[in-house]
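Down below is the structure, laid out as structure tokens.
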Amino acid sequence: MIMRFIYQLGSPPYFYALSGRLLPWLTGICLILFATGLYGGLVLAPADYQQGDSFRIIYIHVPAAWMSMFVYMVMAFSGAMALIWRIKIAEIILINSAHIGAVFTFLALVTGSIWGKPMWGTWWVWDARLTSELLLLFLYLGVLALYSAIDDKRKAARAVAILALVGVVNIPIIHYSVEWWSTLHQGPTITKFDAPSIDTRMLIPLLLMAVAHKFLYAIVVLLRARNDLLWRERRSQWVANLFKGGS
Amino acid sequence: MDAFNTFIHMGGYASYVWSSYAIALLAYGLSIVLPLIEKRRMEKRIRGIIQNEQSATSE
């Protein structure tokens, strides 16, 4: 049953039709999550007792930083699927995740920098957390550059899959950097084993924003994947049928 | 009105908070809009390809 679904999902016309039906729902849910998350975070949540209102940058910074790692894991996983089973859809998910992954990483770095200035007194320090996150941005850019440098897109996808898999060592380094090395960056407040050390009124908007970011990623990757798929399969019968239908 | 001003003021951190949100809005907005523009362009090109093939086979 599940294998059948995965097999079907690997078929370009099925993927195209299913993603087309999903997108309006994803967009609606995403907008509701962003609206409630932003209202909760910017209006309802109390100011932090140490950081005042500057802590509200958290609602962009932390979801973007989580997504920067999550998207990379998706890329590495799709890369493995593409290498082992040669699934075309896995290749397409892999390469079309790189742009939005780079955007999340860039935002985590920039909003972190904007947050660091009033709190730490500096825009940037070369500490473990910040440096490993910067390395992640270079990994994303490397994936994009490598893919565009190879003309044969199936070969390019395989090269990129290997790069994505090798780069995965950076992910635990980013996550544990605040525990392994002394750093200006604060330790984890949410993803630790005892209860999160954060007020519920601050935490709920953060979780809403985190889920909203997941939906945003899904929307962007599907939009990009659909374009990519349509162009790769432009000479196939199902694409011709799609355009004959008048849409 | 007063409540609105305090909201905008962000306890003196307005420039930091709002610039973060503005950059995020711009980045996410572009991430959605650019693929949509690309889709339009691509549909036009694919329509052209299909029409060319049809006229080639009918000749």
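To find a chain, count down the sequence lines: A is the first, B the second, and so on, and within it residues start at 1.
With a threshold of 4.5 angstrom between heavy atoms, B/Tyr16 approaches chain A through its backbone and through its side chain. Both the backbone and the side chain of A/Leu42 come within less than 4.5 Å of a heavy atom in chain B. Only the backbone of A/Gln51 comes within contact range of chain B, with heavy atoms under 4.5 Å apart. Contacts of A/Leu230 with chain B are made by both backbone and side-chain atoms, with heavy-atom separations under 4.5 Å. Of the atoms belonging to A/Phe104, it is side-chain heavy atoms, and not backbone ones, that fall under 4.5 Å from chain B. Looking at B/Ile32, both its backbone and its side chain come within 4.5 Å of chain A, counting heavy atoms on both sides.
Closest heavy-atom contact between A/Pro118 and B/Tyr13: CB-CE2, 3.7 Å. The minimum heavy-atom distance linking B/Ala27 with A/Val103 is given by the pair CB-CG1, 3.9 Å. Of all heavy-atom pairs spanning A/Leu107 and B/Ala24, the tightest one is CD2-CA, 3.7 Å. Between B/Tyr21 and A/Ile57 the shortest heavy-atom distance is CE1-CA, 4.4 Å.
Atom CD1 of A/Ile60 and atom OG of B/Ser20 lie 8.0 Å apart (nearest 0.5 Å). Note: A/Arg234 CZ to B/Arg45 CZ = 7.5 Å, rounded to the nearest 0.5 Å. Note that CD of B/Glu43 and CH2 of A/Trp231 are 12.0 Å apart. Values are rounded to the nearest 0.5 Å.
For B/Phe7, the CZ atom sits in a packed shell: over 12 heavy atoms of surrounding residues, nucleotides or ligands are nearer than 6.0 Å. Summarising the local packing, CG of A/Asp151 is surrounded by 12 or fewer heavy atoms from other residues, nucleotides or ligands at distances under 6.0 Å. For A/Tyr16, the OH atom is densely surrounded, since the number of other residues' heavy atoms within 6.0 Å is greater than 12.
You'll find the side chain of A/Thr111 stays beyond 4.5 Å of the side chain of B/Ile23, heavy atoms only.
Contact residues of residues 213-227 of chain A toward chain B are A/His213, A/Leu216, A/Ile219, A/Val220, A/Leu223, A/Arg224, A/Arg226, A/Asn227 (heavy-atom distance under 4.5 Å).
Between the side chain of A/Asp53 and the main chain of B/Gly11, a donor-acceptor pair closer than 3.5 Å is present.
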Step-by-step side chain to side chain contact (heavy atoms under 4.5 Å, CB included) determination, B/Ile49 to A/Arg235:
CA-CA 8 Å; B/Ile49 291 170; A/Arg235 310 234 172 242; 3.5 Å; yes
